[in-house]
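Notes follow once the structure below has been shown.
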Amino acid sequence: KKHMLSSRSKELDFPIVITSFEMCIADRAFLELYVWQYIILDEGHRIKNRNCRLIKELKSIRSVSRLLLTGTPIQNSLEELWSLLNFCSPMIFDDLEVFQSWFDFKNIGQDTQVEDILSTEEQDRIVTKMHEILRPFVLRRLKKEVLGSRLPPKVEVVVYCGMSGLQSEYYAQVLAGTLRESLVDVGVIGASKISQINQTMNLRKVCNHPFLFGDLTDGVSGESLRNAPDGRALTFASGKFKLLDRMLPRLKREGSKVLIFSQMTKLMDILEDYL
């Protein structure tokens with residue numbers, strides 16, 4: 001009430017409000033009392049869902065201009081892309097169906113069949129058309145433009161590694177549909193709970209690490225080999241882990257930093273045990 005009088009809203013020293021999306025929703029009734037010069041959204045991809053509550057609340061806050069900042073690829077579908085453009089320029093991008101018709105695929109991402117896209121040239125034409133439409137609304141900043149010569153050239157090396165003997169056995173058993181029975185017979189921990197419905201997923205698991213199906217046990221002590229002191233069983237059970245075991249010491253000696261990605265959380269547990 002003291003610093004944000006409506007009568008002062010057009011003065012140059014009117015406050016800049018920095019807040020979170022959650023607080024913006026909670027205080028929307030107060031924020032919509034003003035006509036803001038700018039609404040700037042960081043993590044702009046948060047409003048890619050045109051039906052979410054956040055975008056509905058933000059649209060009720062009046063502003064002269066709107067700006068989205070994001071480092072995340074956002075146009076997974078025309079509908080998501082339209083949601084962002086509609087927020088920035090609602091007078092231009094006011095109709096989703098019209099926007100989709102610009103690209104000749106009204107149901108892209110839903111009902112579009114392979115035969116609808118006849119050639120690579122057709123796809124290129126769509127992308128070019130999209131770029132022409134978006135150019136006035138998007139400011140693209142590349143790392144090399146910001147860091148200049150300080151940014152070393154990016155090098156991508158793809159290393160192929162074969163499967164271990166154990167993985168090859170598992171792979172054949174998945175294809176034959178006998179993996180669960182075989183692992184139950186040899187006493188693998190938790191083998192009875194293995195699902196054999198999704199063969200492709202099981203093959204992916206095999207290619208990462210056999211222990212994703214359960215831990216092998218020591219024939220004498222009955223203890224899990226996953227936590228053996230020397231870690232050899234954990235490392236040599238997977239071709240990827242054998243390669244990783246050769247790469248990491250060398251990278252450490254060179255002073256490199258290593259970032260490992262995994263799509264499977266259970267594999268991250270195995271990586272944690274390995275490290």
Side-chain angles (χ1 to χ4, degrees), residues 45 48-49 72-73 76-77 80 108-117 154-275:
H45 55 277
K48 65 183 180 181
N49 179 3
T72 304
N76 294 322
S77 69
E80 290 181 2
I108 195 165
Q110 298 174 11
D111 302 325
T112 303
Q113 303 297 320
V114 175
E115 55 267 22
D116 294 333
I117 303 177
K154 180 180 178 181
V155 179
E156 180 175 332
V157 180
V158 180
V159 182
Y160 294 92
C161 54
M163 292 189 292
S164 67
L166 184 61
Q167 284 176 300
S168 297
E169 291 180 20
Y170 275 40
Y171 203 92
Q173 290 171 1
V174 169
L175 293 175
T178 60
L179 180 67
R180 181 171 54 204
E181 291 76 9
S182 299
L183 297 187
V184 168
D185 291 342
V186 297
V188 171
I189 301 172
S192 60
K193 299 179 181 179
I194 294 174
S195 171
Q196 298 189 127
I197 297 175
N198 191 337
Q199 187 183 72
T200 302
M201 178 57 68
N202 283 342
L203 292 175
R204 287 181 61 196
K205 288 181 177 180
V206 170
C207 290
N208 279 288
H209 203 292
F211 284 14
L212 289 171
F213 295 98
D215 297 358
L216 294 176
T217 56
D218 186 287
V220 179
S221 64
E223 296 182 358
S224 171
L225 295 177
R226 178 168 169 173
N227 299 315
D230 59 6
R232 287 179 60 84
L234 187 67
T235 303
F236 283 84
S238 166
K240 287 187 177 182
F241 275 66
K242 285 197 290 185
L243 182 65
L244 189 67
D245 196 55
R246 292 170 59 192
M247 292 175 65
L248 288 181
R250 176 177 173 179
L251 292 170
K252 184 177 181 180
R253 288 195 300 269
E254 294 174 352
S256 298
K257 294 181 179 179
V258 179
L259 184 61
I260 301 175
F261 288 93
S262 171
Q263 292 181 319
M264 299 182 182
T265 53
K266 288 187 177 181
L267 185 64
M268 294 177 71
D269 293 336
I270 297 176
L271 280 166
E272 181 181 15
D273 293 336
Y274 163 76
L275 294 171

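- For the pair Lys205/Lys266, no side-chain contact is recorded, criterion being any heavy-atom separation below 4.5 Å from C-beta on.
- The distance from atom CG of Leu275 to atom CE of Met268, rounded to the nearest 0.5 Å, is 10.5 Å.
- Nearest approach of Gln196 to Leu179, heavy atoms of both residues: OE1-N, 3.2 Å.
- Interatomic distance, Ile270 CD1 to Thr265 OG1, rounded to the nearest 0.5 Å: 10.5 Å.
- One finds the CG atom of Leu234 at 13.0 Å from the NZ atom of Lys242 (value rounded to the nearest 0.5 Å).
- Nearest heavy atoms, Arg180 versus Ala191: CG-O, 3.4 Å.
- Paired with Gln173 under the rule side chain to side chain contact (heavy atoms under 4.5 Å, CB included), one option of Asn202, Val206, Thr178 passes, and it is Thr178.
- Side-chain contact between Leu267 and Phe211 is absent, with no heavy atoms from C-beta onward closer than 4.5 Å.
- Atoms CE and CG, from Met264 and Leu212 in turn, are 6.5 Å apart once rounded to the nearest 0.5 Å.
- Here the OH atom belonging to Tyr274 is positioned 5.0 Å from the CG atom belonging to Leu248, to the nearest 0.5 angstrom.
- Crowding of Glu272 atom CD: a count of heavy atoms from other residues, nucleotides or ligands under 6.0 Å not exceeding 12.
- For the pair Leu175/Leu203, a side-chain contact is recorded, criterion being any heavy-atom separation below 4.5 Å from C-beta on.
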Step by step, would you call Lys240 with Gln167 a side chain to side chain contact (heavy atoms under 4.5 Å, CB included)? CA-CA 11 Å; Lys240 287 187 177 182; Gln167 284 176 300; 5.8 Å; no

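- Note that CG of Leu166 is 5.0 Å distant from OH of Tyr170, once rounded to the nearest 0.5 Å.
- Using a 4.5 Å heavy-atom cutoff, the side chains of Val188 and Ile194 are not in contact.
- A pairwise comparison of heavy atoms in Ser238 and His209 identifies CB-CD2, 3.4 Å as the closest pair.
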